[in-house]
Amino acid sequence: MFQDRLQALLLPAVQNAFRELFGQAPDAVAFQSTRPEFEGDITINVFPFLKLSGKGPEQTATAVGGHLVQHAGIVERFNVVKGFLNIVIADAHWQAFLHEAAEHDLLQFPSTGQQVMVEYASPNTNKPLHLGHARNIFLGDSVGRILQAAGHDVVRAQIINDRGIHICKSMVAWRQFGNGETPESSGLKGDKLVGKYYVEFDKLHKQQVAELEAGGMAPEDAAKSTPILREAQEMLRQWEEGDAEVRALWARMNGWVYDGFNATYARMGVGFDKVYYESETYLLGKQDVLDGVAKGVFFKKPDGSIWVDNTAEGLDEKVLMRGDGTSLYMTQDIGTAIRRFEEFPAMQRMIYTVGNEQDYHFKVLFLILKKLGYAWADGLYHLSYGMVDLPSGKMKSREGTVVDADELMEEVVQEARKMGEELSKLDDFSEAEKDVLYEMVGMAALKYFLLKVDPKKRMLFDPKASIDLQGHTGPFIQYTYARIKSLLRKAQVAGDGPSWSGGTPEQPTVDNHQLLPEERAVIKLLHQFPAVLNDAALKLDPAALANHTYEVVKAYNSFYQSVPVLKEEDAAKRAFRLELSATVAHMVKKAMWCLGIEVPERM
RNA sequence: GAUCCCGUAGCUCAGCUGGAUAGAGCACCUGCCUUCUAAGCUGGUGGUCGUUGGUUCGAAUCCAACCGGGAUCGCCA
């Protein structure tokens, strides 16, 4: 439905040509963009059809091209180079498309009625969010927006790992060294404060390990036997028993963390429709696992532990419940998935945005749910993204090389400010207006930097490059947008407005305005936009959209540089170029919205 | 050891459902602001697409092996 519109128009015409010329039509035709060194808009490679035509490549291409010019209104002319049929599409078609794109939001597809949950951000509550979370969150947020633009009903979900040994470690350390310190008393952001005590825990633990080792204990035993760790484990036990004091401390410290996370999310510009807490879900799944045993899907070992055998599927046996009946991560994930589909009965898909180190876990999880017979299991998807490396190598929390998300955002915004002050184009802006703008520009730099790379690939985060505002960056795109808006403001002052009227792609009106190469290049890229969005939605790949947006903007800048708009004396041409500019602006704005990036009216 | 992912210009990345002479950005060299925002535009330098074989009219793209990097393989999460 949202395949390339031009191809949709051309395909029947091409098939018809083959049928009439050679008596048989191909089922599909692989169209490609014409390479810039040849004349044409779209190209068909006829090599695959030589058997069908029974003629040589040049003859086949020429015959088909001739037929298209005769019978397909939108084909203006053609040329043949080797087996390549280069087709020139009539200006009227491009103009009609532009007119349609100007009047409609072609990057908003009609509702599919399909409900999709996108889960992203699954932080532990013992430490602040870092660069890795940032990639995860921006990716999940963008995928949610892209799916919305593609017409789906999106539910954004977050799962917070609020219980477990990790938070107990922070709690123990705080109780021991905290002296009642709070975010208010210390001025520290809540998540930072709790993270500080996690570090304190680790320091003391290491010290105690060293002491134990000095006392002759084997290193691996020592690491499991420190008094402070024992204390944390005891606290976890008390938590599970529902000890009032422990629960109160736990709730209090997690509360601090949520305030901190929420501040970070707010600056990131992301939000959630549903927040799940592990403390409320960690017991789920036990009954489901037992039911699975009853159904014969799982099996029990002599020690009482429950397993699934995935060897037939090329995987291993996997334990689902401990011998003592306590649950595991997998148990919990099974239960949580089932409950979510009960909670949202209309939901057809659920996307987990989680790093690729958990590829195996999700493979097994999905397989298990399928074996349990849930029809929706086919709608489960692990959006697996690659790790973020630093120029110095891997991020290691132990080595303190983790890039804090808050600090990172502050840094890019400061850089945007520095650049903005240097250029000093905004002398009439108030301080508050400047703050808003620099925030927008800095965040664009960061988000675009993280989103322009194929999500599944491991990526390198170069801090210097991430604050770059030139070239293939978010601010470059924002800048183009702002320039267009400036143009449009001036045009309105001058009393100009889009006044051009055309037809539809199916019935293009005749227009005597001959497109300039620069205009045509921009329109062609705009024309591909909906197909690119569709592709990005199918592949859950914001990078595809990010890269195409850049292509559009680059082509527009080239046009802007060499073709007058407001200075064009011919009113019809001026109106047409304004409409072209306005359309670039609104499509780019929508595409950037899909990436979670805002665009400024001025910069 | 097994399984999975990745290897494209000095650096960071596109391109990968097979198609024409492999593209961007950064960096480096070059030109363009009395003209619609120079956070811009123009030109140039820069490649055995990890290696070898295979499939094909045609391979960066598909297949195999190998080399290099990473991840996972816990009754952890």
Side-chain angles (χ1 to χ4, degrees), chain A residues 28 30 32 34-35 37-38 43 45-48 50 57 81-84 86 122 124 161 164-166 278 282 301 303-307 314-316 318-333 355-361 363 384 386-387 389 391 394 416 419-420 422-423 425-426 441 445 449 452-454 456-462 464-466 468-480 482-491 494 543-544 546-548 550-551 553-554 557-568 574 577-578 581 602-603:
Chain A
Q32 54 185 293
T34 306
R35 293 188 69 94
E37 58 267 35
F38 302 104
T43 293
N45 182 342
V46 299
F47 263 107
L50 297 186
V81 182
K82 292 192 262 179
F84 295 91
N86 300 321
S122 40
N124 289 357
N161 299 308
I165 191 70
H166 53 84
E278 197 200 353
Y282 81 109
K301 286 199 176 178
D303 65 358
S305 58
I306 297 175
W307 295 70
L315 303 174
D316 292 318
K318 180 86 185 170
V319 63
L320 306 179
M321 198 186 292
R322 292 192 181 95
D324 61 6
T326 54
S327 62
L328 292 156
Y329 186 42
M330 188 63 82
T331 326
Q332 170 183 161
D333 270 8
N356 63 11
E357 73 273 16
Q358 295 199 31
D359 284 356
Y360 184 75
H361 172 77
K363 225 182 253 182
S384 163
M387 297 292 101
D389 286 327
K394 273 192 74 167
M419 194 65 182
E422 268 174 34
L423 294 169
K425 296 181 186 176
L426 305 163
V441 173
F449 188 83
K452 74 175 174 184
V453 181
D454 184 346
K456 65 175 185 285
K457 288 191 179 170
R458 190 180 193 93
M459 72 174 288
L460 183 90
F461 184 84
D462 180 355
K464 283 213 293 284
S466 73
D468 221 322
L469 310 176
Q470 286 156 11
H472 189 184
T473 66
F476 171 90
I477 296 169
Q478 290 178 317
Y479 174 72
T480 305
R483 264 204 321 201
I484 294 174
K485 295 305 279 197
S486 168
L487 215 51
L488 296 175
R489 278 191 300 271
K490 286 182 178 162
N547 287 318
H548 188 74
Y550 171 68
E551 294 298 326
V553 159
K554 206 158 51 115
N557 277 337
S558 195
F559 157 83
Y560 178 91
Q561 175 70 25
S562 51
V563 180
V565 180
L566 295 177
K567 290 182 177 155
E568 171 57 51
R574 190 166 63 235
R577 288 172 195 164
L578 278 170
S581 301
R602 289 181 54 188
M603 73 184 275

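Given the structure is predicted, the values throughout are model-derived calculations rather than measurements. Chain A is the first sequence line, chain B the second, and so forth, proteins listed ahead of strands; every chain is numbered from 1.
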Visitor: State whether A:Lys464 places a side-chain N or O below 4.0 Å from either non-bridging phosphate oxygen (OP1 or OP2) of B:A27.
Guide: no
Visitor: Quantified in whole Å, what is the C1' atom distance between nucleotide B:U72 and nucleotide B:G18?
Guide: 32 Å
Visitor: What nucleic acid atoms does A:Asn86 come within less than 4.0 Å of, heavy atoms only: base, sugar-phosphate, or nothing?
Guide: base
Visitor: Answer yes or no: is there a donor N or O on one side and an acceptor on the other, between the side chain of A:Thr43 and the main chain of A:Asn86, under 3.5 Å?
Guide: no
Visitor: Check the phosphate of B:A71 against A:Lys394, side-chain N and O only, distance under 4.0 Å to OP1 or OP2. Yes or no?
Guide: yes
Visitor: Determine whether the side chains of A:Asp333 and A:His361 contain a donor N or O and an acceptor N or O closer than 3.5 Å.
Guide: yes
Visitor: Determine whether the aromatic ring of A:Phe84 stacks with the base of B:A20, defined as ring centroids separated by less than 5.5 Å and ring planes inclined by less than 30°.
Guide: yes
Visitor: Across the strands shown, which category fits A:Leu469 at heavy-atom distances under 4.0 angstrom: base, sugar-phosphate, nothing?
Guide: base
Visitor: Using the C1' atom as the point on both nucleotides, what is the distance between B:U37 and B:G70, in whole Å?
Guide: 45 Å
Visitor: Measure from the side-chain heavy atoms of A:Glu37 and tell me the nearest of B:A14, B:C6, B:A20.
Guide: B:A20
Visitor: Can you figure out which of B:G25, B:A38, B:U12 approaches the side chain of A:Tyr550 most closely?
Guide: B:G25
Visitor: Among the candidates B:G19, B:C36, B:C4, find the nucleotide nearest to the side-chain atoms of A:Asn45.
Guide: B:G19
Visitor: Kindly determine whether A:Lys456 and A:Asp454 satisfy salt bridge (charged side-chain N to carboxylate O under 4.0 Å, His left out), including the steps that lead there.
Guide: CA-CA 6 Å; A:Lys456 65 175 185 285; A:Asp454 184 346; 3.1 Å; yes
Visitor: Syn or anti for B:C33, please, going by whether the chi angle lies within 90° of 0.
Guide: syn
Visitor: Evaluate the side-chain contact (heavy atoms from CB on, under 4.5 Å) criterion for residues A:Arg483 and A:Ser486: first the C-alpha distance (whole Å), next the side-chain angles of each, then the deciding distance (0.1 Å), finally the verdict.
Guide: CA-CA 5 Å; A:Arg483 264 204 321 201; A:Ser486 168; 5.6 Å; no
Visitor: Figure out the CG/P separation between A:Asn356 and B:G70, and round it to whole Å.
Guide: 14 Å
Visitor: Any side-chain N or O of A:Ser558 below 4.0 angstrom from OP1/OP2 of B:U42?
Guide: yes
Visitor: Among the candidates B:A14, B:C4, B:G40, find the nucleotide nearest to the side-chain atoms of A:Asp359.
Guide: B:C4
Visitor: Closest to the A:Lys457 side chain: B:G19, B:G7, B:C36?
Guide: B:G7
Visitor: With a 4.0 Å cut-off on heavy atoms, is A:Gly164 in touch with a base, just the backbone sugar-phosphate, or nothing at all?
Guide: nothing
Visitor: Taking the six-membered ring for Trp, are A:His472 and A:Tyr550 parallel (under 30°), tilted (30 to 60°) or perpendicular (over 60°)?
Guide: parallel
Visitor: In whole angstrom, give me the gap between the C1' atoms of B:C49 and B:A24.
Guide: 16 Å
Visitor: Is A:Phe476 touching bases, backbone alone, or none of the nucleic acid, heavy atoms closer than 4.0 Å?
Guide: sugar-phosphate
Visitor: What distance, rounded to whole Å, do you find between the two P atoms, one in B:G19 and one in B:A59?
Guide: 11 Å
Visitor: So, does A:Tyr479 get its side chain near the phosphate of B:A39, meaning an N or O under 4.0 Å from OP1 or OP2?
Guide: yes
Visitor: Expressed as a whole number of Å, how far does the C1' atom of B:U45 sit from that of B:C26?
Guide: 15 Å
Visitor: State, yes or no, whether a side-chain contact exists between A:Tyr479 and A:Thr473 at a heavy-atom distance under 4.5 Å.
Guide: no
Visitor: From B:A14, B:G23, B:A38, pick the nucleotide closest to the side chain of A:Arg35?
Guide: B:G23
Visitor: On the nucleotide B:C41, are OP1 or OP2 found under 4.0 Å from the side-chain N or O atoms that A:Asn557 carries?
Guide: yes
Visitor: From the list B:C26, B:G19, B:C6, which nucleotide is the closest neighbour of the side chain of A:Asp468?
Guide: B:C26
Visitor: Counting any heavy atom closer than 4.0 Å, what does A:Ala482 reach on the DNA or RNA strands: base, sugar-phosphate only, or nothing?
Guide: base
Visitor: Between B:A39 atom P and A:Arg602 atom CZ, what is the distance in whole Å?
Guide: 14 Å
Visitor: B:C4, B:C36, B:A39: which one has an atom nearest the side-chain heavy atoms of A:Gln470?
Guide: B:A39
Visitor: Which one, B:A77, B:A20, B:U12, comes nearest to the side chain of A:Leu460?
Guide: B:U12
Visitor: Taking atom types as they are modelled, is there a donor-acceptor pair under 3.5 Å from the base of B:A20 to the side chain of A:Thr43?
Guide: yes
Visitor: Mind checking the P distance from B:G50 to B:U61? Whole angstroms is fine.
Guide: 8 Å
Visitor: Answer with base, sugar-phosphate or nothing: what part of the nucleic acid does A:Tyr329 contact at a heavy-atom distance below 4.0 Å?
Guide: base
Visitor: Quote, to the nearest angstrom, the P distance that separates B:A22 from B:U48.
Guide: 13 Å
Visitor: Looking for any heavy atom pair under 4.0 Å, which part of the strands does A:Val553 touch: base, sugar-phosphate only, or nothing?
Guide: nothing
Visitor: To the nearest Å, how far apart are A:His548 NE2 and B:G23 P?
Guide: 19 Å
Visitor: Tell me which of A:Pro48 and A:Pro564 sits closer to the 5' end of RNA chain B, going by the nucleotide each one is nearest to.
Guide: A:Pro48
Visitor: Could you check whether A:Glu278 gets within reach of a base, just the sugar-phosphate, or nothing at all, counting any heavy atom under 4.0 Å?
Guide: sugar-phosphate
Visitor: For the base of B:G40 and the side-chain ring of A:Tyr560, does the geometry meet a stacking cutoff of under 5.5 Å between centres and under 30° between planes?
Guide: no
Visitor: Among the nucleotides B:A39, B:A77, B:G19, which one has an atom lying closest to any side-chain atom of A:Phe47?
Guide: B:G19
Visitor: Extract the stems that RNA chain B is part of, considering only consecutive pairing runs of at least three Watson-Crick or G-U wobble pairs, both distances under 3.5 Å.
Guide: B:1-7 with B:67-73, B:10-13 with B:23-26, B:50-54 with B:62-66
Visitor: Under 4.0 Å, counting only non-hydrogen atoms across every strand here, what does A:Met387 touch: a base, just sugar-phosphate, or nothing?
Guide: nothing
Visitor: How far does the P atom of B:G1 sit from the matching atom of B:G47, given to the nearest Å?
Guide: 36 Å
Visitor: Mapping A:Asn161 and A:Ala543 to their closest nucleotides on RNA chain B, which lands nearer the 5' end?
Guide: A:Ala543
Visitor: Using whole Å, report how far NZ of A:Lys425 lies from C1' of B:C33.
Guide: 12 Å
Visitor: With sugar-phosphate meaning primed atoms plus P, OP1 and OP2, does A:Val453 contact a base, only sugar-phosphate, or nothing at under 4.0 Å between heavy atoms?
Guide: sugar-phosphate
Visitor: On the nucleotide B:A39, are OP1 or OP2 found under 4.0 Å from the side-chain N or O atoms that A:Arg483 carries?
Guide: no
Visitor: Which is true for A:Asp454 with a 4.0 Å heavy-atom rule: it touches a base, it touches only sugar-phosphate, or it touches nothing?
Guide: sugar-phosphate
